[in-house]
Amino acid sequence: MCRSTPNWGREVNLYLARHAEAIPLGEGRDADRKLSRRGEEDSLLMGRALVRIDSKVKIILTSPLIRARQTGEILGEGMANHPTFQVSGHLSPGFLDHAILEELIALSSGGSIVAIGHQPDLTKFISYLIADSALAMVAMEPGAIAFLRFNTSGSRVQAELRWLLTPDTVKSICTSL
C-alpha cells in the first residue's frame with residue numbers, strides 16, 4: 001500500500017485491536033455497552049500476550065465507545081512501561097481511514113502503538129493500509145489483534161500485515177498466560 005504523507009521516515013509497529021466481547025445490545029445506547037465478563041478476561045489475556053510479544057508499546061489509542069476504552073484499559077494494565085492512554089474520535093465507528101492514519105503517524109515516535117476500534121472499520125482500515133482498497137477481507141472477532149508494520153520513509157507509507165491473533169488462538173497456544 002502506498003499513501004502520500006509528509007516526510008517522517010520511520011518504521012511504526014501498529015497493533016489494531018477489535019474491542020473485546022461486549023454485553024448484548026439491550027435497552028440502552030450501543031455506545032454505552034460495556035464489556036462482558038468474557039470480554040474482560042479476553043482483554044487481560046490479550047494484554048498479557050501482547051506484552052510478551054512487544055514490550056515497547058508507548059500509546060494505547062481507543063475509540064470513545066465504552067467497550068473500546070475498557071478493552072484498552074485492561075489491555076494496558078499488565079504493561080510495565082505504562083503506555084499513554086488516549087481516546088480518539090478518529091476511531092469512532094465509521095472512521096475515515098486517512099484521518100486515523102495521519103493521527104497514528106503523528107503519534108508515532110519510535111515506539112509501538114495499539115489502536116482499538118470496531119468492525120467493519122478495522123477490516124476496512126487494514127485493507128486500506130495493505131492493499132489500497134476495500135477488497136481485502138480480514139476476519140476480526142472480538143478481542144482479536146492484528147500486527148501491521150509500516151514505514152513512512154520518503155513520501156509514502158508502505159504497510160504489511162504480519163499476523164493476527166484471536167483470544168481463542170492465544171488460549172490454545174499458551175494456557176499459562
Let me confirm one number: the CZ-CG distance from R38 to D42, rounded to the nearest 0.5 Å. 4.5 Å

Which pair of heavy atoms, one from A22 and one from R33, lies closest together, and at what distance? CB-NH1, 3.9 Å

Looking only at side chains, do H118 and S63 share a donor and an acceptor under 3.5 Å apart? yes

Less than 4.5 Å apart, any side-chain heavy atom of T62 and any of T71? no

Does S127 use its side chain to pair, donor to acceptor, with the backbone of K124 at less than 3.5 Å? no

L91 reachable from I66 in the ILVMFWY side-chain graph, under 4.5 Å edges: no

Within the structure provided, determine whether I74 and E77 are in side-chain contact (heavy-atom separation under 4.5 Å). yes

Please answer: with hydrophobic residues joined when any side-chain heavy atoms are less than 4.5 Å apart, are L44 and V51 in the same cluster? no

Indicate yes or no: at least one non-hydrogen side-chain atom of L101 is less than 4.5 angstrom from one of Y128. yes

State yes or no: do I60 and I53 share one hydrophobic cluster built from I, L, V, M, F, W and Y residues joined by side-chain heavy-atom distances below 4.5 Å, directly or via other members? yes

Lys/Arg-Asp/Glu bridge criterion (N-O < 4.0 Å) met for E141, R18: no

Within the distance-only criterion (no hydrogens, no angle test), does the side chain of S43 pair as donor or acceptor with the backbone N or O of A20 below 3.5 angstrom? no

Do the side chain of R67 and the main chain of L35 share a donor and acceptor less than 3.5 angstrom apart? no

Test your reading of the model: is there a side-chain donor-acceptor pair from R149 to the backbone of E160, 3.5 Å cut-off? no

Looking only at heavy atoms, what is the nearest atom pair of I126 and A146, with distance? CD1-CB, 3.9 Å

Just how far is it from atom CG of L16 to atom CZ of F147, taken to the nearest 0.5 Å? 11.0 Å

Rounded to the nearest 0.5 Å, how far does CD1 of I113 lie from OG of S108? 5.0 Å

So do the side chains of N81 and K56 get within less than 4.5 Å of each other, counting heavy atoms only? no

Could you grab the distance from atom CG of D97 to atom NE2 of H90, nearest 0.5 Å is fine? 12.0 Å

Looking at side-chain heavy atoms only, is the closest gap between I116 and Y15 below 4.5 Å? no

Considering all heavy atoms of both residues, which atom of S88 and which atom of E103 are nearest to each other, and what is their separation? OG-OE1, 2.5 Å

State yes or no: do L65 and L122 share one hydrophobic cluster built from I, L, V, M, F, W and Y residues joined by side-chain heavy-atom distances below 4.5 Å, directly or via other members? no

For S92 and F95, indicate whether the former's side chain and the latter's backbone hold a donor-acceptor pair under 3.5 Å. no

Could you please spell out the steps behind the side chain to side chain contact (heavy atoms under 4.5 Å, CB included) verdict for I145 and W163? CA-CA 8 Å; I145 299 176; W163 51 255; 4.3 Å; yes

Pick out which of L129, T123, D121 makes a side chain to side chain contact (heavy atoms under 4.5 Å, CB included) with F125. L129

Just wondering, do I105 and V12 contact through their side chains at under 4.5 Å, heavy atoms? no

Quick check for you: to the nearest 0.5 Å, what is the distance between E21 atom CD and E41 atom CD? 10.0 Å

I need the minimum non-hydrogen distance between P64 and V87, along with the two atoms involved. CA-CG1, 3.5 Å

Residue pair V170 / R48, side-chain heavy-atom distance below 4.5 Å: no

From K58 NZ over to T84 OG1, what is the distance, rounded to the nearest 0.5 angstrom? 9.0 Å

